[in-house]
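Report on the structure given below.
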Amino acid sequence: PLMNIGPQMYPIQNTHAHCQTLYALARMAGITPEADGWTISPRIPRSSYTFACNLFTLEVTPACIGGSVHLPVTADLRLKVQVPASWHSPIVSINGQGIECAFAQDSITFTIHAKADEDVSWKITPEPGETVLKGSQ
């Protein structure tokens, strides 16, 4: 559910209230920050959409889920990305290089090794021959 996100959460105690609209938009796009990284569960009911801000870009299409990270510090960022059920053997790449990752049920977990102020792109695609999404998700 998308309840209790954005400006309505603790409006008086939040010293960064101006950021709450962006936070709400990110949550609606399916990006959830967690203690050990970010979980991405594409949820906008369209076959394709893009979310972009200074730190992160998410692009969802029928044949790909991907984006980029631009952190102000050097750090490891764990991403857990929900993929369509029809993708049984998804392929993950970071900056165009295939990587090993953990795949369980309907999600893939991998770590991005980001350097301060450098873009790192990531992409998940179905294995060739697998069914891609058609129409709305």
Side-chain angles (χ1 to χ4, degrees):
L2 295 176
M3 299 172 69
N4 295 328
I5 61 171
Q8 72 273 21
M9 288 185 65
Y10 314 106
I12 296 176
Q13 296 174 343
N14 190 342
T15 60
H16 300 287
H18 59 284
C19 297
Q20 288 300 301
T21 302
L22 182 60
Y23 175 74
L25 290 171
R27 290 289 309 271
M28 287 175 19
I31 303 165
T32 304
E34 296 180 356
D36 62 344
W38 296 344
T39 297
I40 300 169
S41 302
R43 61 175 71 181
I44 293 179
R46 297 184 54 90
S47 60
S48 298
Y49 68 90
T50 301
F51 170 84
C53 67
N54 289 341
L55 296 177
F56 194 76
T57 300
L58 172 65
E59 183 176 359
V60 177
T61 70
C64 171
I65 300 171
S68 64
V69 175
H70 186 98
L71 299 180
V73 298
T74 297
D76 288 344
L77 176 64
R78 183 197 59 82
L79 294 182
K80 180 179 180 183
V81 183
Q82 182 180 2
V83 296
S86 61
W87 295 10
H88 301 291
S89 301
I91 299 167
V92 179
S93 61
I94 294 178
N95 287 338
Q97 300 292 319
I99 64 163
E100 296 285 326
C101 57
F103 180 64
Q105 295 176 339
D106 65 347
S107 64
I108 289 181
T109 303
F110 57 96
T111 300
I112 292 176
H113 307 289
K115 292 184 181 175
D117 296 320
E118 291 185 14
D119 287 333
V120 178
S121 63
W122 60 275
K123 186 177 189 178
I124 304 171
T125 56
E127 188 172 55
E130 286 187 336
T131 306
V132 296
L133 296 175
K134 302 279 190 223
S136 296
Q137 291 183 0

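- Closest of all the heavy-atom pairs between P72 and A116 is O-CB, 3.6 Å.
- C53 has its side chain within reach of L22: a pair of non-hydrogen atoms, C-beta onward, lies under 4.5 Å apart.
- F110 and W38 fall within the same hydrophobic cluster, defined by Ile, Leu, Val, Met, Phe, Trp and Tyr side-chain heavy atoms under 4.5 Å apart, directly or through other members.
- Nearest heavy-atom pair, A63 versus T125, reported as atom, atom and distance to 0.1 Å: O-CG2, 3.7 Å.
- With contacts defined as side-chain heavy-atom distances shorter than 4.5 Å, the pair I31/Y23 does not qualify.
- Nearest approach of S41 to T39, heavy atoms of both residues: OG-CG2, 3.9 Å.
- For D36, the salt bridge (charged side-chain N to carboxylate O under 4.0 Å, His left out) partners at least two apart in sequence or on another chain are R78.
- Listed by first and then second residue, the salt bridge (Lys or Arg N to Asp or Glu O under 4.0 Å) pairs that reach into residues 51-71 come to none, sequence neighbours excluded.
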*asked:* Quick one, N54 with H70, criterion side-chain contact (heavy atoms from CB on, under 4.5 Å). Give me CA distance, side-chain angles, the key distance, then yes/no.
replied: CA-CA 7 Å; N54 289 341; H70 186 98; over 6 Å; no
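- Annotation for R27 and T32: closest pair NE-OG1, 3.5 Å, computed over non-hydrogen atoms.
- A continuous path of hydrophobic side-chain contacts links L79 to V120 [ILVMFWY only; heavy atoms under 4.5 Å].
- Closest approach of A29 to L58, counting heavy atoms only: O-CD2, 3.8 Å.
- In this structure, Y49 is a member of the same hydrophobic cluster as I124, with clusters built from ILVMFWY side-chain heavy atoms closer than 4.5 Å.
- In this structure, H88 and A85 approach most closely via the heavy-atom pair CE1-O, 3.4 Å.
- The shortest side-chain heavy-atom distance between S86 and P126 does not fall under the 4.5 Å cut-off.
- The structure places CG of L71 at 12.5 Å from NE2 of H113, a figure rounded to the nearest 0.5 Å.
- Residues I65 and P84 are in side-chain contact: their nearest non-hydrogen atoms beyond the backbone lie under 4.5 Å apart.
- Between I112 and D76, every side-chain heavy-atom pair lies at or beyond the 4.5 Å cut-off.
- Using a 4.5 Å heavy-atom cutoff, the side chains of S89 and I91 are not in contact.
- A donor and an acceptor atom, one from each side chain of N95 and S121, are located under 3.5 Å apart.
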Using a 3.5 Å cut-off and no angle test, enumerate the donor-acceptor pairs between side-chain atoms of residues 97-109 and protein atoms at least two apart in sequence or in another chain.
{"residue": "D106", "atom": "OD2", "partner": "Q82", "partner atom": "NE2", "Å": "3.3"}

